[in-house]
2 protein chains.
Amino acid sequence: MEDVAALAAVSAMTVSRALRDPTSVNTETRHRIEAAIDATGYVPNRIAGSLASRRTNVVGLIVPSLRNSLFAETIQGVSDALGAHHPLMIADSGYALAGEEAAIRAFLAQRICGIVLHNTQHTARSRTMLDDAGIPCVETGNLTEKPLDMTVGFSNYDAACAMTEYLIARGYRNIGFVSLPIRDNDRAAERRAGFLAAHQRRGLNSAPELLLESPPGLRSGGRALATLIERVPAVDAIFLSGDVLATGALLEANRRGLDVPNRIAIVGSDDNELQEAVSPPLTTLRFPRYQIGHQAAEMLMKRLRNPSRDIRRLDLGYELIERASA
Amino acid sequence: MEDVAALAAVSAMTVSRALRDPTSVNTETRHRIEAAIDATGYVPNRIAGSLASRRTNVVGLIVPSLRNSLFAETIQGVSDALGAHHPLMIADSGYALAGEEAAIRAFLAQRICGIVLHNTQHTARSRTMLDDAGIPCVETGNLTEKPLDMTVGFSNYDAACAMTEYLIARGYRNIGFVSLPIRDNDRAAERRAGFLAAHQRRGLNSAPELLLESPPGLRSGGRALATLIERVPAVDAIFLSGDVLATGALLEANRRGLDVPNRIAIVGSDDNELQEAVSPPLTTLRFPRYQIGHQAAEMLMKRLRNPSRDIRRLDLGYELIERASA
DNA sequence: ACTAGCGATGTTAGCGCAAACATAGGCGCG
DNA sequence: CGCGCCTATGTTTGCGCTAACATCGCTAGT
């Protein structure tokens, strides 16, 4: 920066100012500085700047897994909203609270200015660290009642409840429910709770053997269908609430020659092009994953500009997409 | 850190050392320091550490898009290999060289210690900046002959050539080729070049109207099939070399009642569970995307430990998966 | 004309750590 | 027994920038 300053015949301070707030220096001076920056190929050192100003523009994001295309949508939303001014650090928790804690610790050491979490469950230490850090935090995976700070998204409970009631209303009575493993996964837990609540609300019982946890994946969905049919032959509908499980189940049903939806209805969540393209097209839940990421980043940046705690909870809802599979 | 040092009755320097290299301090002292850290809830400031040592552990990664599950595999590979010691900054170029340049500039301002690029095309300024920065760089999207620094992956050219020759060997003569838009996408360009080279090698011509560029997506693949059949009714095979295009084309063929592979063969790339699950299962290319990310990060870290330029180019190859669609 | 006030720039100090060098005590060895 | 050497720790300095304050014309109001 000294070189640039010398070349532009100003002090380093003026260069620093021109970089941070171009309107704060004389137009002509600014042009000289810009020319000098170009000539020297100077790249500002944000590390030094951050240390001096005691803040960074870096935002941290922790998702359960980086491979999962669901989270990819949210990541893209966050990245787009942040723009070039806020670099993004990403880590995955590996679906484990301990993994999340490690990532939070690493992020805080980097003095991130804000954080987005896909979880609403955290270790006690995670909570303490975030609290002590005093940085804005947005939880996005599930619209929780008591967020650490802010939350944006949809209620997995409500969504699962709505889909279950839809099935009940259409006359299905032996409904299987398949979710991803519930351990350390509040979203899956909430969905199962919603599924059970819908039964209770309608005065129905859901047999425990109709509840299943299944790892992610297309084949896994097929196996889940097989398991449920074997376990409860009378099962007349299955709600597979994660990833591509429903598509896998539908393909398996087709392979077995089971009439969907007359022998067995299949419904899913996380709508995508594929669920519409298969035959029959899947009735499913659609979540605004990209928007959730986008809004999460917006809320973070708004808070950084103005520390007043205005919006704390933003419900972006869900849609129930009716197609032919139920 | 002063607080921790006071509590442990040592100097700040000893605390700093205990954090960076626990073996360099007395075991008992270390335990006192660890206890003091626990008691105070001290979180080291890596920003200050980076400024003082003039290096960070942060690795930068730029992919064309964050939503795309192909890149997600690579991202996970990079993240897993880096581990907790190397935070990861991610940006997307939006499939544009200018976007990549902006991301590189932002990363360099953050003084990243190494960078992974999914591109092998770059703006002149990008090259200059990376060169001046003097940090290790791994290009992963396409195994290029002249990497900026290091490269790992597979040859899109070879892979596309192999698949095309496979089709030719099986007697197909009017082969359509569909790729993602080629502008600013060297991977797609290389694949088309490989497709054409295979024809030339066998002394065949490929009609220009059999070449198509198509945006990503399942529906887009379906439209590509429709376009090619309308344009060249004699088309007897289509090689769709991107994303889920091939699956989309197969579903569209099924909808139209076209016999695959007898009326028309369909082959793809980037194998996934779905391509195996559809009917008929797709013949396709499989790329080691996770391994590419993993190795890229490994190469970066190896270089950081030992600046000798050993491995510059690592070919992880590809597989041609024969199934029933051709 | 005098001064308050403002825009543009400069000066000083320090952010929280780590590199480099300094120091102190213990040990073996001729 | 004195020397060198090694281990464990401390002191000094500065990384490259920015916050806070200082300075210096210049304009406008009375």
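Sorted by first and then second residue, the side-chain hydrogen bond (donor to acceptor under 3.5 Å, both in side chains) pairs involving residues 2-25 of chain A (not counting sequence neighbours) are A/Ser11-A/Thr14, A/Ser16-A/Arg20, A/Asp21-A/Thr23. Residue pairs meeting the side-chain hydrogen bond (donor to acceptor under 3.5 Å, both in side chains) criterion with at least one partner in residues 59-74 of chain B, sequence neighbours excluded, are A/Arg67-B/Glu73, A/Glu73-B/Arg67. The side-chain hydrogen bond (donor to acceptor under 3.5 Å, both in side chains) contacts involving residues 94-113 of chain A comprise A/Glu100-A/His122, A/Glu101-A/Arg105, A/Glu101-A/Thr123, where partners must be two or more places apart or lie in separate chains.
A/Ala109 meets the side-chain contact (heavy atoms from CB on, under 4.5 Å) test with B/Val43, B/Arg46; sequence neighbours excluded. Residues passing the side-chain hydrogen bond (donor to acceptor under 3.5 Å, both in side chains) test with A/Asn119 are A/Arg187, sequence neighbours excluded. Remark: B/Ser50 engages no residue in a side-chain hydrogen bond (donor to acceptor under 3.5 Å, both in side chains) (not counting sequence neighbours). Annotation: side-chain hydrogen bond (donor to acceptor under 3.5 Å, both in side chains) contacts of A/Asp80 (sequence neighbours excluded): A/Gln76, A/Tyr290.
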Pairs of donor and acceptor atoms involving the side chains of residues 292-302 of chain B, under 3.5 Å and at least two apart or interchain, shall be tabulated with distances.
none

Would you mind writing out the side-chain donor-acceptor pairs for residues 31-38 of chain B within the sub-3.5 Å range, not counting sequence neighbours?
| unit_1 | atom_1 | unit_2 | atom_2 | d |
| --- | --- | --- | --- | --- |
| B/His31 | ND1 | B/Thr27 | O | 3.4 |
| B/Arg32 | NE | B/Ala8 | O | 2.9 |
| B/Arg32 | NH2 | B/Ala8 | O | 3.0 |

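Bending across the helix from C/dA1-D/dT30 to C/dG30-D/dC1, expressed as the angle between its end axes from five pairs apiece, amounts to 40° (10° rounding).
Listed in residue order, the members of residues 13-40 of chain B having a heavy atom less than 4.0 Å from DNA chain C are B/Met13, B/Ser16, B/Arg20.
When DNA chain C is scanned 5' to 3' for any atom under 4.0 Å from a heavy atom of chain A, the first and last hits are C/dA8 to C/dG16.
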